[in-house]
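Here is the structure we will look at.
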Amino acid sequence: MPPKRKKDVVIRSEDVGIEIDAQEDSGSEEEARRRARNRRAKPSPRRAKRPVSDDEDEEEEEEEPPRRKGRRGKAKVQDSDEEEEEEEKKGRKKKPVKASNRKKKAVKEESEEEEEESAEERGKNKKRGKAPSKKEKEEQNKVKKSGKDKGSEKNKRKNSGKFSRCSILSSGSGSDSDSLSEGEMELLKEEVEEKKKLITTLRNKPWRMKRRLQQLKEAQAFVEKFEGALGKGKGRKLYAYKVMMAKKLIKFKRDFENFKTACIPWERKIKEVESHFGSSVASYFIFLRWMYGLNLVLFGFMFGLVVMPEVLMGLPYGSIPRKTVPRPLQETAMDLSVLLDFGGFMKYSVLFYGYYNDERTIGVLQFRLPLSYLLVGVGIFGYSLMVVIRTMARNANEGGDGTDEGDFNFSWKMFTSWDYLIGNPETADNKFASITTSFKESIVDEQENQKDENIHLRRFLRVLANFFILCTLGGSGYLIYFVVKRSQEFAEIDQDNLSWFEKNEVEFVMSLLGLVCPPLFETIAELEEYHPRIALKWQLGRIFALFLGNLYTFLFALFDEVNAKLENEKSIKNATITAYNEYYSNYSSFYNTTDVPPLDIQPADAIRGPCWETAVGIEFVKLTVSDIQVTYLTILIGDFLRAVLVRFLNYCWCWDLEAGFPSYGEFDISGNVLGLIFNQGMIWMGAFYAPGLVGLNVLRLLSSMYYQCWAVMSCNVPHERVFKASRSNNFYMALLLLVLFLSLLPVVYTIMTLSPSFDCGPFSGREKMYEIVMETIEKDLPAFIGNIFTYATNPGLILPAVLLMVLALYYLNALSKGYQQANLDLKKKMQMTRDEEKNRRNNKDSTNQVMKDLDDLLPNRSLIPPPEEEEPPPPVAQKGSKSPKLKPGSAANGKGVNLQKEVSLAATNPRGVVNRPPGPRGGPPGNIRGPQPGPGRGRGRGGPSSKAIGFIRGC
Amino acid sequence: MGNKQTIFTDEQLDAYQDCTFFTRKEILRLHGRYHELAPHLVPMDYTKEPDCKLPLALIVAMPELNENPFRNRIVESFSEDGLGNQSFNDFVDMFSVLSEMAPRELKAIFAFKIYDFNVDNFLCKEDLEQTLNRLTKEELTEEEVQLVCEKAIEEADLDGDHKLSFADFENMITRAPDFLSTFHIRI
């Protein structure tokens with residue numbers, strides 16, 4: 001119980017004064033209300049001053065107190081407000097929000113009413129729970145208090161009238177706290193919850209900050225005060241504890257949130273780019289940052305669960321053959337050129353698959369490295385899949401339902417085409433220009449839908465263009481296949497005879513193709529004359545196909561190589577086994593003993609297989625590195641050098657370089673995003689064979705962020721055609737998902753079907769890689785889990801499971817179709833009502849006119865009174881629109897004329913309107929525009945009958 | 001954070017964090033920006049909640065707003081007096097609504113206010129014309145402007161009163177794919 005309640009009492013002289021103002025009525029309250037209403041009904045200037053605030057009154061009841069405070073100054077208006085409040089309270093005694101306000105106010109004025117508490121108490125008993133009896137009580141109180149001085153009486157009157165509920169509370173809390181009944185308890189609890197909810201959702205309220213702060217303060221004070229009152233007896237301590245913990249939790253959450261946002265890097269950099277280039281270019285950098293975050297997590301997994309344990313707990317370098325550079329290569333193992341090719345020490349380092357030992361457990365912690373290797377390799381895919389899909393889902397939610405692209409063409413252009421992020425004059429100029437052209441385009445589109453001057457030629461050109469592009473794609477695929485094959489041939493020849501180019505042919509060719517083909521596609525696409533947005537989609541699709549084709553050709557060629565290596569490996573394995581056998585038999589026959597000491601060979605001299613996994617890993621790492629090199633060089637030459645040349649040669653050149661041909665580069669968003677996506681695909685694929693690849697990628701993204709930020713800010717100019725990026729957001733994500741899926745396939749294929757090398761990597765000596773899981777289940781887990789697992793993997797169980805999933809898929813699909821249909825129907829309905837409304841409105845005038853003419857033709861027109869019977873009953877409607885229960889929309893519907901007046905008044909006095917945001921749930925404001933919409937329509941439709949009524953009345 | 005000079009008390013910061021989409025650091029940064037606009041007017045110490053307002057001209061000059069064709073409307077609609085004189089509260093409010101975290105509904109409300117040039121709580125043709133002229137720097141001809149405005153009203157006007165109420169506007173804007181990404185200012 002808050003004992004200090006009496007301290008924060010504020011005596012409000014204004015209140016008293018107001019009450020005196022309103023005091024003149026001595027009769028029943030009803031009468032007073034009526035009078036007040038009359039006063040308000042006549043159009044007074046002060047009434048018009050706050051038309052919207054009244055509306056708000058109606059929509060948000062819980063913000064009563066602050067406004068009251070704010071209004072204190074306008075004592076004149078107060079009386080009507082007072083009236084209003086009383087009225088509304090009467091209407092809904094049960095509303096908890098209201099009650100809370102009352103209660104709160106009551107607390108403040110408690111000292112004033114203290115002396116009357118006893119009387120109040122008496123009244124209260126009668127009053128509890130039923131509002132309508134309030135008047136009665138009022139009367140009773142008046143009788144009781146007649147002897148007291150005027151001021152106090154007024155006060156009491158107000159309190160008793162307004163805050164009867166809270167008087168219950170205050171009296172209860174003052175003397176006997178346990179007297180709170182169950183119901184009140186519930187109510188109070190509800191209010192406290194309400195306040196808490198308000199606190200958490202306050203930031204979403206369209207209020208002024210001042211009001212929000214005030215609200216917050218009050219809500220907090222309220223919660224503070226009454227939270228203690230909840231929970232009774234023994235439960236109180238627990239409750240208090242809970243409350244305290246909740247508070248702590250909130251605080252912690254906030255701190256955590258603060259910490260989290262503080263951890264998001266490059267906010268300022270992105271802002272800078274954004275203000276220069278608009279949201280579309282910035283979306284690339286945001287995507288880059290997102291990718292960086294994802295890779296950081298992957299790196300954490302890889303590094304923490306695979307690399308670090310092997311480094312810390314595994315055998316050191318040089319202890320076993322797989323961790324040692326073979327003797328013939330040892331001289332060159334530290335040469336820079338070899339290291340740059342990821343040969344030598346690099347090849348036999350922790351960066352690649354081959355280095356890892358196949359011991360089931362390592363170190364004192366008995367860390368199961370092979371198992372961890374497999375799980376992390378698969379877990380990376382799982383985690384990425386989850387993150388990508390979650391992001392996609394979130395984006396999809398944000399994107400709105402946007403199914404009806406064409407419906408709001410112009411209004412969207414008008415209201416959403418300006419990018420509020422732009423803060424650079426040049427970009428702004430470009431944006432203005434592009435908006436203007438886009439408007440002009442759509443105007444032209446609107447005016448003449450499609451001009452088809454020579455459709456045959458265009459068709460022919462498009463077919464031709466696609467033919468060219470297919471040729472290019474096929475050619476690039478063949479080139480890659482050819483080069484990979486050739487590199488296999490080279491691999492068999494002695495390495496020293498090969499030039500640098502011959503060694504790095506594959507990567508070189510792939511990067512070159514990635515560099516040359518997209519511009520080629522763009523040039524070919526000129527033939528097609530598509531709308532730029534469609535052209536962009538085609539372009540993206542083609543580049544995607546190119547990259548994908550290249551990647552998969554590369555993979556197939558690689559698998560050919562792997563198969564060849566596997567054959568090779570088999571023979572080496574056989575040779576080793578034969579050699580061992582020979583050694584044993586020779587030894588035993590030579591020394592004539594069966595106790596053969598194990599063969600003592602230096603790890604560097606051991607016979608070893610080709611270790612195809614490491615070879616694949618090296619290919620991926622090389623590919624990634626060459627990709628990084630090409631990207632960075634392109635930026636350096638294509639953007640930076642070009643910018644420098646254009647900038648400085650411009651002083652001594654025959655034409656204007658800046659405006660003319662070479663000009664400055666534009667930032668190629670789609671190309672960059674696609675490059676990033678494919679790079680990520682390679683990382684996903686390669687991470688299993690080269691754990692170090694993820695670390696490399698993290699470095700790449702990190703440097704890329706700074707490098708590209710610098711490049712874009714210093715060498716690029718904003719796009720002339722700024723196209724939309726947000727829609728493509730999920731498009732890029734979908735591409736990423738596709739790439740993820742496609743890169744998952746080869747990895748899973750190798751895990752499930754190819755047999756691992758016999759002498760390197762964590763799975764050596766096993767038939768298949770996944771057998772490590774079986775092994776763990778059999779050996780390390782209790783037997784029953786193994787049993788469960790065998791049952792679970794039984795085809796008899798898997799098949800039904802698959803079947804069930806298919807059925808679920810089918811069902812969900814059908815369900816979504818149904819929803820879609822319902823959606824469509826609703827949309828149609830809306831369209832219909834809208835059309836109907838419009839038609840009616842359009843026809844109204846004409847029918848009205850006809851009716852007017854008919855009216856004029858009637859003989860004794862003077863006898864017929866104006867058809868006002870059809871109107872909604874004016875006094876009631878008036879009252880209704882004022883009453884706090886009504887929403888602004890319904891108020892508008894109810895009384896068009898009145899609102900029109902208010903609106904016009906508001907327009908002349910902007911201040912009154914501006915400091916109130918438009919209501920969030922404004923219903924359709926029916927007929928505000930028409931001179932007399934309601935009656936007009938009525939006249940239009942049911943004219944004769946109304947006239948008949950009128951006539952009858954007239955008689 | 002508050003080791004050099006207390007700008008806000010912890011309670012104030014908490015209250016601001018409850019009322020906006022900003023974190024503590026961002027609020028302090030916002031205050032820095034606000035202070036920067038008029039160092040001699042705005043006190044560093046806000047613990048006493050001083051009553052100080054900056055005129056429209058100063059706020060509009062911020063680089064974040066400077067290029068925006070609707071800058072005056074933005075500042076006006078977020079100021080309490082409707083004339084563009086913003087207190088720090090209004091200032092924070094403005095950037096909170098324009099921040100990335102603000103929900104679509106809230107943004108829609110204030111976007112509506114911004115585009116409502118004549119402050120009558122309706123977007124009538126006049127408002128649309130103004131909007132369009134600012135967007136295109138009056139490059140379109142009179143007929144084109146008329147056509148576009150009519151088309152826009154026709155598209156979005158659900159109840160056929162030839163102007164857009166907030167309901168119409170909200171219905172239209174919540175489906176717009178670019179609204180969230182473009183109605184946003186990073187501070």
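All values below come from the heavy atoms of this structure, side chains included, with hydrogens, waters and symmetry mates left out. The shown structure was predicted, so the numbers you read here are calculated from the model rather than taken from an experiment. Chain identifiers are assigned alphabetically (A, B, ...) following the order of the sequence lines, protein sequences preceding nucleic acid strands; residue numbering begins at 1 within each chain.
If you take CD1 on A/Ile422 and CG on B/Asn66, they are separated by 13.0 Å, rounding to the nearest 0.5 Å. Note that CD of B/Glu100 and CD of A/Glu267 are 7.0 Å apart. Values are rounded to the nearest 0.5 Å. Taking CE from A/Met414 and CE from B/Met172, the interatomic distance works out to 9.0 Å, rounded to the nearest 0.5 Å. Note: B/Gln12 CD to A/Leu213 CG = 9.0 Å, rounded to the nearest 0.5 Å. Here B/Glu154 contributes atom CD and A/Phe410 contributes atom CZ; the two are 10.0 Å apart, rounded to the nearest 0.5 Å. Distance check, rounded to the nearest 0.5 Å: CZ of A/Arg211 to CG of B/Asp93 gives 11.0 Å.
A/Arg212 approaches B/Cys19 most closely through the heavy-atom pair NH1-O, 2.8 Å. Here the shortest heavy-atom pairing between B/Ala152 and A/Ser411 reads O-OG, 3.9 Å. Taking both residues in full, the closest heavy atoms of B/Glu67 and A/Trp418 are given as O-CZ2, 3.4 Å, listed atom of the first, atom of the second, then distance.
Proximity to chain A is limited to the side chain of B/Tyr115, based on heavy atoms less than 4.5 angstrom apart. Contacts between B/Arg71 and chain A at a heavy-atom distance below 4.5 Å are absent for every atom of the residue. Of the atoms belonging to B/Asp14, heavy atoms from both backbone and side chain fall under 4.5 Å from chain A. Residue A/Ile286 touches chain B through its side chain alone, counting heavy-atom pairs closer than 4.5 Å. Heavy-atom distances place no part of A/Asp255 under 4.5 Å from chain B, backbone and side chain included. For chain A, the nearby part of B/Thr131 is the side chain; its heavy atoms alone come within less than 4.5 Å. In this structure, the portion of B/Phe169 lying under 4.5 Å from any heavy atom of chain A is its side chain and not its backbone. Of the two parts of B/Asp18, the backbone and the side chain both hold a non-hydrogen atom closer than 4.5 Å to a non-hydrogen atom of chain A.
Checked options B/Ile114, B/Leu135, B/Thr182, B/Leu164; the residue passing with A/Phe415 is B/Leu164 (criterion: side chain to side chain contact (heavy atoms under 4.5 Å, CB included)).
Contact check for A/Thr416 versus B/Ile173: side-chain heavy atoms found under the 4.5 Å cut-off. Here the side chains of A/Lys260 and B/Thr23 are not in contact, with every heavy-atom distance at 4.5 Å or above. Between A/Leu421 and B/His184 there is a side-chain heavy-atom pair separated by less than 4.5 Å.
Between A/Tyr420 and B/Phe70, the ring-plane angle classifies as parallel under the 30° and 60° cut-offs.
Among the candidates B/Val148, B/Ile185, B/Asp90, the residue making the largest number of heavy-atom pairs closer than 4.5 Å to chain A is B/Val148. Taking chain A as the reference chain and counting heavy-atom pairs below 4.5 Å, the highest number among B/Pro69, B/Ala102, B/Pro103 is found for B/Pro69. Counting heavy-atom pairs under 4.5 Å between each of B/Glu64, B/Gln17, B/Glu11, B/Glu144 and chain A puts B/Gln17 at the top.
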